[in-house]
Protein chains: 2
Amino acid sequence: MCEAEPRSPATRCSTCSLRAVCMPHDLTSSELRQLDSIVHTTRHVRRGEALFRAFSPFQSLYAVRTGSFKTIVMHREGAEQVTGFQIPGEPLGLDGVCSGTHTCEAIALEDSTVCIIPFGQLEMLCHESPRMQRHLYALMSGEIVRESSLMMLLGTMTAEQRLATFLLDLAARFRARGYSAVQFHLKMRREEIGCFLGIKLETVSRMFSRFQREGLVEPNGKQIRIIDPEGLARI
Amino acid sequence: MCEAEPRSPATRCSTCSLRAVCMPHDLTSSELRQLDSIVHTTRHVRRGEALFRAFSPFQSLYAVRTGSFKTIVMHREGAEQVTGFQIPGEPLGLDGVCSGTHTCEAIALEDSTVCIIPFGQLEMLCHESPRMQRHLYALMSGEIVRESSLMMLLGTMTAEQRLATFLLDLAARFRARGYSAVQFHLKMRREEIGCFLGIKLETVSRMFSRFQREGLVEPNGKQIRIIDPEGLARI
DNA sequence: CGAAGACTTGATCAGATTCAATTCGCGTGG
DNA sequence: CCACGCGAATTGAATCTGATCAAGTCTTCG
């Protein structure tokens, strides 16, 4: 066989339902074909396993296809900070471009799959396609902006405001992907939410209880129903 | 005059003493010449004035040439978070690439000058020069990494650890630019330090006093002398 | 069905904030 | 040139938010 092995349609960018989330919307069919030829591998990561670890060499960017991840940075002696949660359509690995080595690690919150985008080949495609180039810039800059607003959260907000902001942000991201923004399932544990928001797991739990008392949210373990988004936003 | 107006040597990348900090170290002389032709303007910003504001259109990246800046993101109703301090050789404006609009604003902490790097022209240069391309990627990714470690600071550290980390980080950056890492002048007020570290100005002041009692730092208003960097790192 | 892990809730404690009172430093104008 | 005045910084006391410790309940999964 001279041709590359045919892939299942599910692993093609050109037919992927997440394309609108993940890639620029105005790619030509020729650019899409090139993209297909780059992104020809997916990888399965089991719940709890690492997609990449800190200090591992950077070779590829990833896009979450199914499932979800957390990214964490480690401090000396095990203190860790969750720097983000990624759901389908969102990028992973942008931290590695800088030094060629990952500084954070990405752990699957459930059995998940990612698309693998070899960075060297992506660079070449970007060199040919101004649209892809722009998109890569935008992805990186977007990550910078996302982290800035997280710093705002960690630097200025109370525990109550942090959890409210977290829930509204998740809801918006689910909505953007066509899922319900009102009811969703948290794949992460209370401890991981706390570690993301800079508070302890007990505090997360107390704030959930408070939201329930105040009729803002109906938490049922990991199943969350948002009753009063305006109320949450007002906090 | 057919030729572009001659610039003073001080405004040329090719002769700039900060080039090693600001640009890739392995540029060819032809690449340097191209760089000179792009970065042909500097701008003065008075103490307290904005280099760019949130929501202003993004057109250029900037590099601090002299002086220093803070970048802040605003929340509804005036709550603000300082997301970074920039000293000579450091980039400004990377947040704007994403949406074409700045999300933070950059305020001069003292009378300062910046080099203006029009982003459209930089893109073109990057297209020609793989080294410049890599450098731009690295700048953006580096900002992502920097912000991650700041999130770690805001999410997991005590006030004492935050200030110690802040001082050591500044010291390292001054050293990298050939300034003393032991003694330096803080251009920002206690309030701004606090706003960066997610603590109140009184707490910053108390921590400075504590460091002085413990013989770690000799603070004299804004003049700082670091006595025991290992001790600071151990906190 | 039982055990381990995850979550909730209460009581107490500690670190940081808030409020307030001085003190210090610096630029301005008499 | 010095005094004045204002913003910045320091320090103390009271308060509060969130952390810690601990007990008990709920879930999940082998």
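Every chain is numbered from 1 and lettered A, B, ... according to where its sequence line falls, protein lines coming before strand lines.
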Handout entry: Members of residues 157-164 of chain B that approach DNA chain C, where some heavy atom sits under 4.0 Å away
Key = B:Thr158, B:Ala159
Handout entry: Nearest-angstrom distance from the residue atom CE of B:Met207 to P of C:dG15
Key = 9 Å
Fill in the blank from the handout: Here the distance between atom P of C:dG25 and atom NZ of B:Lys187, to the nearest Å, is 17 Å
Practice task
Using atom types as modelled and distance alone, determine if a side-chain donor or acceptor of B:Thr156 lies under 3.5 Å from a backbone N or O of B:Leu153.
Solution key: no
Exercise for the section: Just say parallel, tilted or perpendicular for the rings of B:Phe52 and B:Tyr62, cut-offs at 30° and 60°. Expected result: parallel
Problem - Closest non-hydrogen atom pair, B:Ala164 against B:Leu232 - result: CB-O, 3.7 Å
Practice task
Answer yes if the side chains of B:Ser148 and A:Glu147 hold a donor-acceptor pair under 3.5 Å, and no otherwise.
Solution key: yes
Handout entry: Salt bridge A:Glu191-A:Arg189, side-chain N to carboxylate O under 4.0 Å
Key = yes
Practice task
Determine, for A:Arg177 against A:Glu90, whether the closest basic-nitrogen to carboxylate-oxygen distance falls under 4.0 angstrom.
Solution key: yes
Exercise for the section: Tell me, please, the opening and closing nucleotides of DNA chain D, 5' to 3', among those with an atom under 4.0 angstrom from a non-hydrogen atom of chain B. Expected result: D:dA8 to D:dA13
Problem - Test: B:Glu110 and B:Arg47 ion pair at under 4.0 Å - result: no
Practice task
Determine, for nucleotides 2-9 of chain C in 5'-to-3' order, which nucleotides have protein heavy atoms under 4.0 Å from the base (write B), from only the sugar-phosphate (write S), or from neither (write -).
Solution key: ----SSBB
Exercise for the section: Among B:Ile116, B:Leu122, B:Val114, B:Ile117, find the residue that satisfies the side-chain contact (heavy atoms from CB on, under 4.5 Å) test when tested with B:Ser60. Expected result: B:Ile116
Exercise for the section: Using only heavy-atom distances, determine whether the side chains of B:Thr66 and B:Ser112 contain a donor-acceptor pair under 3.5 Å. Expected result: no
Problem - Backbone of B:Thr103 reached by a side-chain donor or acceptor of B:Asp95 within 3.5 Å - result: yes
